[in-house]
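Notes follow the structure.
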Amino acid sequence: MSDVSFVRTEMLPQQEPPGSSVGIVGWARANLFDGVTNSVLTILSLIFVYFVLEGLLSWTFQSVWNASSLTECREIMTATWGKTHGHACWAVINDRWLQLLYGFYPPYPAEAGVNFGENTGAWPAYFRPNLSFVLLLIAVAPVLFDKLPRKLLIVTAVYPFLMPWLMWGGSIWGPVMAAAGFGIGYLAFRLLTPVLGGLGGIIAAIALPVIWWLFLTGIVAAGLESVVSISIPEVESRKFGGFMLSILIGVVAIGCSLPIGIVLALGRQSDLMIVKTLCVGFIEFIRGVPLITLLFVASVLLNVFLPPGTQFDIILRVLIMVTLFASAYMAEVVRGGLAALPKGQYEGADSLGLNYWQAQRLIIMPQALKISIPGIVSTFIGVFKDTTLVSIIGLLDPLGLSNAIRADAAWNGIYWELFAFIAFLFFVFCFGMSRYSMYLERKLHKGH
Amino acid sequence: MKKSVVFGALTVAGLAAGAAAAGTLDDVKARGKLNCGVTTGLVGFAAPDANGEWMGFDVGICRAVAAAVLGDPKAVEFVPTTGKTRFTALASGEIDLLARNTTWTFSRDVDLKFTFVGVNYYDGQGFMVPKELGVSSAKELDGATVCIQTGTTTELNLADFFRSNNISYEPVPIETNAEAQQQYLAGACDVYTTDASGLAATRATFEDPSAHVLLPEIISKEPLGPLVRHGDDNWGDVVRWSLNALVTAEELGVTSANIGEMAAGTNNPEINRLLGTEGSLGEMLGLDAGWAKNAIMAGGNYGELFEGNIGESTPIGLARGLNAQWTDGGLIYSPPFR
C-alpha cells in the first residue's frame, strides 16, 4: 500500500473576499448601484444632496457674526463676498441670544447686599434659572436611569418646591408650607385611617391638605417669615420669557401630566360610575377643544370671571391649562397601553390575591406603561413644541421674542436666522427625548 | 414633578387678591407702577432692546404718563398684548392704559366701553409698489395682485377703494407683516398694502429701499391713540392731559433740553401754567405741580418723541405730514392749558 493520500490534510487559509464585494466599494455596489434604476436614482440623489448642502452650508458658515444691525450685516457681506444673498447674519443671535434664552429675566435679581453677600457680581449671571435647570437634570436623572444611587430621589422630591422658589423668589416659607401640605395629607392618612376607616382616611388625607393650602398656608408662612426671614428677591412672571419659559411650561406640563394622565386612564376604566363619568367627561372635553382655545380662556376669560383686581399669575394660568391639556392626551395614551394588555394579566393578578392597587403597581402598570412609551414620549414632545403657542396670548416665548426682536429697527427684516436658531434649540431637546425613549424601550425589552 | 409644582408656584407666585378698585389713579399710586399695554413688537412704536428695555413711540406715551403720575419714567410694567388680547387686558384691569397703535373707531369707543383719550399718530392705509412697475398712482393698479392681511380693516378698505374706482384686483391673502414682506419681495404680489407707517418701516428694511415707492393715495383714516376704560374719568383726564402736555410743549417750544431753565419761570403764562410755576393745574388732576414737567422730561415733547422713534432721522423715516402741529398745517392740536 502506498502511503499516498488524496485528501488534503490541512485547511487552506481563508482568502480575502474579492475587493468589489467588501468595504465601501462592496457596500456601495450592493446598496447604491445594483442595477440601472438604482444607479440613476443614486446619482440624482447625490446631486440633490450636493445642491442643498452647498446652499445650506455656505449660508450657515459663510456668515456674519459681529454687527450691530442688519444694514451693517449687509455691508459686511457685500464687502466680503460681493453679495448679500446666501449668507446668514448670525449677528442678531450674537446680539440677542441671552434674550432668546432667558427673556427679560434679570441676570442678577439680587440687589447688592440682599441675602447674597456683599457683591452680586460674585454670582454668575442668570444663576437662578441656570441652577434650576441643572437641578432639574439631577432630579430627573434617578427617574430616568435606574442604575443611579436611589438617594438622588431626595432631590427629585424636593425639586418641585425648590424650583418655583428659585425662579420666582420670595420667602422660602411659601414652598416649605406647600410641601408641608403633603406631609399633613400623609399623616392624616396614617393617623385617621384606624379611627375613620379606609374611605374616611382617604377623604381626610385629601381634605385636610386642601384646607391647609387654601386657608392656612399664607398665614403660617407669613408668620414664619416674620420670625425667621429667609428670602431671595422676587422676579415677576412678566420677566419670564424665551427658551426658559418654554422649558418651564414644558417640564411642568410633562411632569404633572403623566401622573394625572395615569389616574384619569384608570378612572376611565373604573367600574365606579361617578368616577368613570367624571374622567370620560374631562378627557373628552379637553381633547375636544384646541389648546389655543384653552390658552385664550387662561389669558382672557379668567380675567373677566375673576373678581376685579384679582392678580392670578398669567404663567400659572398657562401652566394649569397646558397641564390639563397634556393630561387628557396622556390618559388616552395610557389607556391604549392598558387595553393592549391581555385579560390574563388581570386575572393572573386576581388569582394571586393582589388587591386593586397592588395589581396595578406590580403587574398592570409596568407592562402598560412599557407598551405606551412611544406614545407617551410623542405626547411629551408634542406638548413641549406646543408651548410656542403661548406667543399668541402675548407671552414672549422664543417665537414671540423673534417678533419683538424684529420690531427693533436694527433687526427689522431678519427671519431665517432667528427661526433657524429657535428650531435648533427645540430640535436638541426633542431629539434628546426621542433618543431616551428608544433607550428605554431597548432596556425594558424582555424578549417575548 | 407632581401637582406640587402647581401648588408651589401657586403659593410663591401668589393668588394675591388685590384691593377692590378704588380709582385707577389711586391704584397706580399705591402700586408704584403703571401697567401699560403695548404691542408684542412693532417697529418704531414698541420693541424691547437687547437689555429688555422697551423703546418706541407708544412706549414714550407710557413713560410720560408714568412720569406724570409717579415722577419716574421707569416705573412702568410693560404688558405685551396681541391684537386679540389687548381689549380684554384693558377691560379686566390687567393694564391701566393701552398704548398699542389702536385705531379709534366708533364701535371700540362706544360698544367696547373704552375711552380714547386722544390721538398720538394719524395713520392711514397706503400702497407700496416696486419702482420698476412704473406706477405713480393707486388708480393705475387695475388688475394688480395685492398682498393683504386677512381679517383686518385694511382688507375692507381695499375692497371699497377698488370698487369705488371701478378697477379690479386680485388679493393674495397673508397672515402677518413678516410674511407679507417675504411674499412681496419674492414677487408673489405687485402691491403691498397696510398702514402707511408700517409700509415705511417695512421698506426701510429692504436691501434697496429706493427700488420701492409708496403711492400718494391714503385710502383710510386710522387715528391711533391711547385708551383707558370707560367710567374712570379722573384717570382718563390724567392720561389725556399727559398726552396734551407733550403736544403743547412742542407748540410752545418746551423741549427736554431747555425745560430746566423754562421751569424756573418764563414770561409766557401758558408755559408757566404747564410747568407748574403758576396756577394749580396739577392739583386739579390729583397730581403734584411738576407733573407735566416730569412727563416732558421722560422722553421729550411730542416732536422729540416722533423724531427719536419714527421721524426722518430714523431708519423708518416718516415725515410729520398729518402729524405736524396745527400751526404747521398738521392735525396735532391740544386744547389750552388754562
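Values in this document were obtained by computation on a predicted structure and should not be read as measured data. Chain naming here is simple, since letters A, B, ... match the order of the sequence lines and numbering starts at 1 in each.
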Answer with side chain, backbone, both or neither: which region of B/F87 has an atom nearer than 4.5 Å to a non-hydrogen atom of chain A?
neither

Nearest heavy atoms of B/P48 and A/Q99, plus distance in Å
CB-NE2, 4.4 Å

Which bit of B/A91 is near chain A, if near means a heavy-atom gap under 4.5 Å: side chain, backbone, both or neither?
neither

To the nearest 0.5 Å, atom CD1 of A/I405 lies from atom CG of B/D49 at 11.0 Å

When only pairs under 4.5 Å are counted, which of A/R406, A/M167, A/E236, A/R238 shares the most heavy-atom pairs with chain B?
A/R238

Could you grab the distance from atom NE2 of A/H85 to atom CD of B/E207, nearest 0.5 Å is fine?
9.5 Å

Shortest non-hydrogen separation from B/A47 to A/A407 and the atoms involved:
CB-O, 3.4 Å

When only pairs under 4.5 Å are counted, which of A/T71, A/I393, A/I414 shares the most heavy-atom pairs with chain B?
A/I393

Options B/N51, B/V79, B/I316, B/T81, ranked by heavy-atom pairs under 4.5 Å with chain A, top entry:
B/V79

Specify which of B/T85, B/N309, B/L185 makes the most heavy-atom pairs with chain A at under 4.5 Å.
B/T85

Crowded around B/K33 NZ? As in, over 12 foreign heavy atoms under 6.0 Å?
yes

Proximal component of B/F78, with respect to chain A [non-hydrogen, under 4.5 Å]
backbone

Between atom CG of A/N412 and atom CZ of B/F206, what is the distance when rounded to the nearest 0.5 Å?
9.5 Å

The interface call for A/W416 against chain B, heavy-atom contacts under 4.5 Å, is side chain

Flag, side chain of B/T82 to backbone of A/I392, donor-acceptor distance under 3.5 Å:
yes

Given that the side chain runs from C-beta out, which part of B/P315 has a heavy atom under 4.5 Å from chain A: side chain, backbone, both or neither?
side chain

Does the pair B/T205 and A/W411 meet the rule for a side-chain contact (heavy atoms from CB on, under 4.5 Å), with working shown?
CA-CA 8 Å; B/T205 70; A/W411 299 116; over 6 Å; no

Using a 4.5 angstrom heavy-atom cutoff, name the option from B/M55, B/E53, B/E77, B/R86 with the most pairs to chain A.
B/E77

Partner of A/Y415 under side-chain hydrogen bond (donor to acceptor under 3.5 Å, both in side chains), picked from B/E179, B/Q181, B/Q182, is B/Q181

